[in-house]
2 protein chains.
Amino acid sequence: MTKPPGFDPRRTLTLRDVSEASGVSEMTVSRVLRNRGDVSDATRERVLEAARALGYVPNKIAGALASQRVNLVGVVIPSLSNMVFPEVLTGISDTLENTGLQPVVGVTNYSPEREETVIYEMLSWRPSGMIVAGLEHSDASRAMLAQAGIPIVEIMDIDGTPVDSAVGISHRRAGRQMAEAIIAAGYRRIAFCGTMMPYDHRAKKRLEGFEEALAKAGLTLADREFYSGGSALLKGREMTEAVLQRTPDVDFLYYSNDMIGAGGLLYCLDKGIDVPGRIGLAGFNGVELLDGLPRRLATMDACRLQIGRRAAEIIAGQHEGVIGGEVIELFPTLQPGDTIRGS
Amino acid sequence: MTKPPGFDPRRTLTLRDVSEASGVSEMTVSRVLRNRGDVSDATRERVLEAARALGYVPNKIAGALASQRVNLVGVVIPSLSNMVFPEVLTGISDTLENTGLQPVVGVTNYSPEREETVIYEMLSWRPSGMIVAGLEHSDASRAMLAQAGIPIVEIMDIDGTPVDSAVGISHRRAGRQMAEAIIAAGYRRIAFCGTMMPYDHRAKKRLEGFEEALAKAGLTLADREFYSGGSALLKGREMTEAVLQRTPDVDFLYYSNDMIGAGGLLYCLDKGIDVPGRIGLAGFNGVELLDGLPRRLATMDACRLQIGRRAAEIIAGQHEGVIGGEVIELFPTLQPGDTIRGS
DNA sequence: GTAAGGTATGTTACCGCTAACAGCCAGAGT
DNA sequence: ACTCTGGCTGTTAGCGGTAACATACCTTAC
């Protein structure tokens, strides 16, 4: 593409090259390569053979421009190192596989400005649909998405107003449920450990729901600790130590994700703290990782695979002509594990 | 894009719309939006204002076709759930950020056929460069890459012949080094645990190098165990248990990655096995996760971030006109951690 | 025998944008 | 006065495909 324009032995091939090599018109070659319209078997063979021999790779840019059709679906997520999003992606790819649609991923690092850029870039490729994590976006982002004239699915969260469709869980409710379970089990001095990221709206909503339920029981958070960056497992240990040192009478630790929860669990076991007797623990996400831990951490799965699948289905469905604008709420299940004492 | 062609209130905008709204030619609008060529400040303002007011998003498909320039770099990796690749991606994005180039990710699930499809699809978008994990590809894949006329960088591994450039480590050497360290520490009954994936060539090469070094010391693997699918941490536990049961006199376990190594470590600690006295352990990758474990697993970092950066630099460099074809070998460092006894 | 209908292929006109070049005008130089 | 230069804007001709229509040929039906 950006080769010096000098002598270029094998110029980039076009339909014309294949057409000349096989003695039919470009249009017929195009038909063969796309499997569209009637072409005689003999011609088809000849064309395919010529294309193969030349090593021709069609130019989708030209094709997309001419046909006004792009088989791409933009997927905008905040991070890849979170474990959660790769799994959502898996759900999306799996479902899209048979539709001729293809996901293209963009990462925002939890930055609204970055998100705006990513969305703009993606829309400039005129995708057939967009899947965007979260409901909180800059005004410009929302406007772009709304104007794009394609199906938009916001995923992970449903506590808010989507641009078009949404698939996710209520994080507020999830936080509330966990708090209720903890209170029902008899814990009273409850602390929270989480990420500092100001733009992790879903973690924030969980905490809000959590505190709401505490308040309803006449309780408030006994302590709270935040972190950013570094090894989540290690941070989990450190935060746990910090909280237990500062507020020794804490009897429960609610973590904003399983990874730091696992760190906390390992710390407690190391220190010989009785879990869940002296201290109970809970995380969020239901990551597979936890299966290998010495004790199963209480958690709530976030329906990641499901979310990916449903979102992709909506895009694929609208791609087929259905009208959109639906909100699909999924319901996470609480997995008590071994770190909440039986109520 | 694929809306029913009926009444469409806000037809998709083009340069012409902005041009009419601002009273200048399409060409001038194009110049303003790309920041190319001279445009008077007054005109620029007017155009930008009009574009903003309309919510115009340029059509890169048309732009790319006209300019024969695509600012995309295809990145082909086997998996996203491996931890390793997201980190490589981070390195790539970071470096590409300031070059105007943008990575587009494709996942192959360790399948050569899938890889072929992904490469074909990507090339059909005429990217400015391709970064592909591994050196082992189908003949067709290699041919396509070689013919594409763009910089190609194969990453992770350098034990083989690259199509164009390569950045990575020698996995064979890495395996050998680890074996030498283990032998030097006095372990003699050494077993291996790894993934079953037939197409994880890098894990295979590590094992080959490992066995080679064992052979040189007159040793052979005391046992070996493979797994596929499931929670790596859990599998690590299970495999460790299986090996220790089958071959009780094993005194060292070499894992093909840190995650299963961590599982093995947790298992040993649970069972009260003396690590590294009775049994030594080592993994591979140097994942951040390990920092939070009760004991630091011996490992070797795979230079993931570096690999991503260097690969991106090569693409960006050639994009600027430099000629390619280099092989960059990175050298992982052995991190003995706490699971090999001091030699 | 001829109209009707299908099958296989070719022709034409774009898709939305940009490279390359052409024009126009004001101020500078001689 | 006249060319020359440089800053700004417009015109033309594609980029490599595909939609839509046209065409030629061959059946089949009446």
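We name chains A, B, ... by the order of the sequence lines, and we start the count at 1 in each one.
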Under the side chain to side chain contact (heavy atoms under 4.5 Å, CB included) rule, what do L72(A) and M122(A) come out as? Steps first, then yes or no, please.
CA-CA 10 Å; L72(A) 301 176; M122(A) 285 197 162; over 6 Å; no

SB check E313(A) R310(A) (cutoff 4.0 Å):
yes

Reading 5' to 3' through nucleotides 14-22 of chain C, protein heavy-atom contacts under 4.0 Å coded B for base, S for sugar-phosphate only, - for none:
-BBBBBB--

Is there a donor in the side chain of T90(A) and an acceptor in the side chain of S93(A), or the other way round, less than 3.5 Å apart?
no

If only side-chain N and O atoms count, and only distance matters, is there a donor-acceptor pair under 3.5 Å linking S138(B) with E116(B)?
yes

Candidate nucleotides dA8(C), dG10(D), dG10(C), ranked by approach to the side chain of T43(A) - the nearest:
dA8(C)

Could you tell me the separation between the CG atom of L96(A) and the CZ atom of R309(A), rounded to the nearest 0.5 Å?
12.5 Å

Once you round it to whole Å, what is the distance between C1' of dG7(D) and CG of D41(B)?
12 Å

How many Å lie between CD on E45(A) and P on dA8(C), as a whole number?
15 Å

